[in-house]
Number of protein chains: 2
Amino acid sequence: MKIEEAQTEQVIKEKAKELFFKKGLIKTTTQEIADAAGVNRALIHYYFRSREHMLSILLDEAMEEKRARVKSILSFDLPFREKIARYIDAIITYNMTYPYLENFIISETVRNKDRTEAYCARNQSRSSDLIRDQLAEEIQQGRLAPITPEHFLVNLIALCNYPMLAKPILRTIHGMTEEAYHEFLLERKQVIYMTIFKEEMPSVS
Amino acid sequence: MKIEEAQTEQVIKEKAKELFFKKGLIKTTTQEIADAAGVNRALIHYYFRSREHMLSILLDEAMEEKRARVKSILSFDLPFREKIARYIDAIITYNMTYPYLENFIISETVRNKDRTEAYCARNQSRSSDLIRDQLAEEIQQGRLAPITPEHFLVNLIALCNYPMLAKPILRTIHGMTEEAYHEFLLERKQVIYMTIFKEEMPSVS
DNA sequence: GCTTGCGTTAACAAAAATGTTAAACAAAAA
DNA sequence: TTTTTGTTTAACATTTTTGTTAACGCAAGC
């Protein structure tokens, strides 16, 4: 049917994202993706040339979307702490929707460092620049211990992402059920804010 | 030569660890491992039955060694903050020696959650128990904002591990050379302590 | 109606990786 | 010396996965 034609490429991508980002099936084969999308495997090659090239596209899009989200939040005209509160909230919520997105990004960037560099070269946008001034002000006013924007951001992103990245092992070590871990992740929004600012997080509107 | 016989199994393991933990070659084939060890590929099956079984052993040993290190540090009879300072120092140093160990552990535990649960069941040792009392005291004395041992430990481990886990992408985003990132990681020892305790880290003896 | 072009499929081809086996070998035991 | 045992190897077999191709179908334009 011609009506669905234009959609096929998207369907394949969607299903692939579902398998990789939501279900965490890193070793997913082209066959499994094709099955999930309900199409013939050859179509994956027709649209994406090779499995490798497809992964490359998925990685690019995933990173690009993340970059855009981060940039949009950190570019908002808001007080520093509110900005960070929103950032924490957004990242954790996002992570819970796509539990394996970070795993995918990390394993792909580890596996292909050249591609990572190429992407970053194409796409210059240091998130550290987006908070540099406000952070400096915060520090100057004595509201925060001195820290570079790079360290501050790495702290923030580490605190947000790691618990999702290492979920299987953290959950098991701490003996939590799926539900308990879910709660734990939600709690972390407060915990992270508190860890960074040593004050209660204001409720996010 | 009989002299080397007993060593073969170890040599294979060593080389495999080198490829997985140090070089981060996650997709390493049995052939590559055999080549690195300078032996026939069939020996890998002779000693480890299958590639999968070998990975299982490597994962077990890696987790076990980590667990032992953590336990040893956190069990020391020392003031809380000094304990944590040592922990940070040890973990970061260890991470820099085996840059891809965490990636390996995480990707394997994601890939095989049953095995992870089995390991943890065999090996009950909640690291949170090792700091529970001292942490509570610290909080009670008003030296630290209230936080559960689980969140405290996840914070700590996230701050220590994430920068190594996500190195390829963080390094590129922040436009650092290998050397600069090395420095950055060393700085983090101070930064992490400061982030958690809001005071300078005492020099570790 | 014919043909042209794109999407689609099944069937085939090739590659890459793992797993198995029988025989060679070398050292220790008999 | 012969036997025995555990180690090692080459060669083979199998499995898994990716990549290619030729043909089919269907809608649009001529």
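The chains referred to below are lettered A, B, ... by the order of the sequence lines, with proteins before strands, and numbering in each begins at 1. All of these numbers come straight from a predicted model, not from anything done at the bench.
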Of the candidate nucleotides [options], which contains the atom at the shortest distance from the side chain of [X]?
| X | options | result |
| --- | --- | --- |
| A/Asn40 | D/dT9, C/dT18, C/dA10 | C/dA10 |
| B/Ala42 | D/dT8, C/dG7, C/dT21 | C/dT21 |
| B/Tyr46 | D/dC12, D/dT7, D/dG19 | D/dT7 |
| A/Val39 | D/dG19, C/dT20, C/dT9 | C/dT9 |
| A/His45 | C/dA10, C/dT18, D/dT18 | D/dT18 |
| A/Ser50 | D/dT8, D/dT18, D/dG19 | D/dG19 |

Whole angstroms only, please: what is the [atom1]-[atom2] distance between [X] and [N]?
| X | N | atom1 | atom2 | value |
| --- | --- | --- | --- | --- |
| A/Met54 | D/dT17 | CE | P | 16 Å |
| A/Gln31 | C/dA10 | CD | P | 10 Å |
| B/Glu52 | D/dT16 | CD | C1' | 14 Å |
| B/Arg51 | C/dT18 | CZ | P | 5 Å |
| B/Tyr47 | C/dG19 | OH | P | 18 Å |
| B/Phe48 | C/dT18 | CZ | P | 14 Å |
| A/Ile33 | D/dT17 | CD1 | P | 12 Å |
| B/His53 | C/dT18 | NE2 | P | 16 Å |

Exercise for review: Ignoring backbone atoms, test whether B/Thr30 places a side-chain nitrogen or oxygen under 4.0 Å from the OP1 or OP2 oxygen of C/dT18.
Suggested key: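 Answer is yes, contact under 4.0 Å.
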
Practice item. Answer yes or no: does a side-chain N or O of A/Thr29 lie under 4.0 Å from OP1 or OP2 of D/dT16? Key: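 No, outside the criterion.
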
Point to revise | Centroid separation B/Phe80 to B/Phe152 less than 6.0 Å | key: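 Under 6.0 Å, so yes.
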
Check your understanding: Do B/Phe104 and B/Tyr100 have ring centres separated by under 6.0 Å?
Key ->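 Between B/Tyr100 and B/Phe104, which both carry aromatic rings, the centre distance is not below 6.0 Å.
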
Check your understanding: Mind checking what makes salt bridge (charged side-chain N to carboxylate O under 4.0 Å, His left out) contact with A/Arg115, not counting sequence neighbours?
Key ->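 Applying salt bridge (charged side-chain N to carboxylate O under 4.0 Å, His left out) to A/Arg115 gives A/Glu52, A/Glu108.
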
Practice item. Report the base-pairing partner of D/dT18 (Watson-Crick or G-U wobble, both distances below 3.5 angstrom), or none. Key: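 Across all strands, the one nucleotide that pairs with D/dT18 is C/dA13.
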
Point to revise | Watson-Crick or G-U counterpart of C/dA30, or none if no pair lies under 3.5 Å | key: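 When the pairing criteria are applied, D/dT1 turns out to be the nucleotide that pairs with C/dA30.
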
Practice item. Establish whether the base of C/dG19 is bridged to the side chain of B/Arg41 by a donor-acceptor pair shorter than 3.5 Å. Key: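 A donor-acceptor contact between them is present.
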
Exercise for review: Determine, step by step, whether A/Asn95 and A/Glu102 satisfy the side chain to side chain donor-acceptor pair (under 3.5 Å) criterion, reporting the C-alpha distance in whole Å, the side-chain angles of both residues, the deciding distance to 0.1 Å, and the verdict.
Suggested key: CA-CA 8 Å; A/Asn95 280 346; A/Glu102 276 294 311; over 6 Å; no

Exercise for review: Quick one: sort the A/Phe21 and A/Tyr98 rings into parallel, tilted or perpendicular, breaks at 30° and 60°.
Suggested key: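 The rings of A/Phe21 and A/Tyr98 stand perpendicular, inter-plane angle above 60°.
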
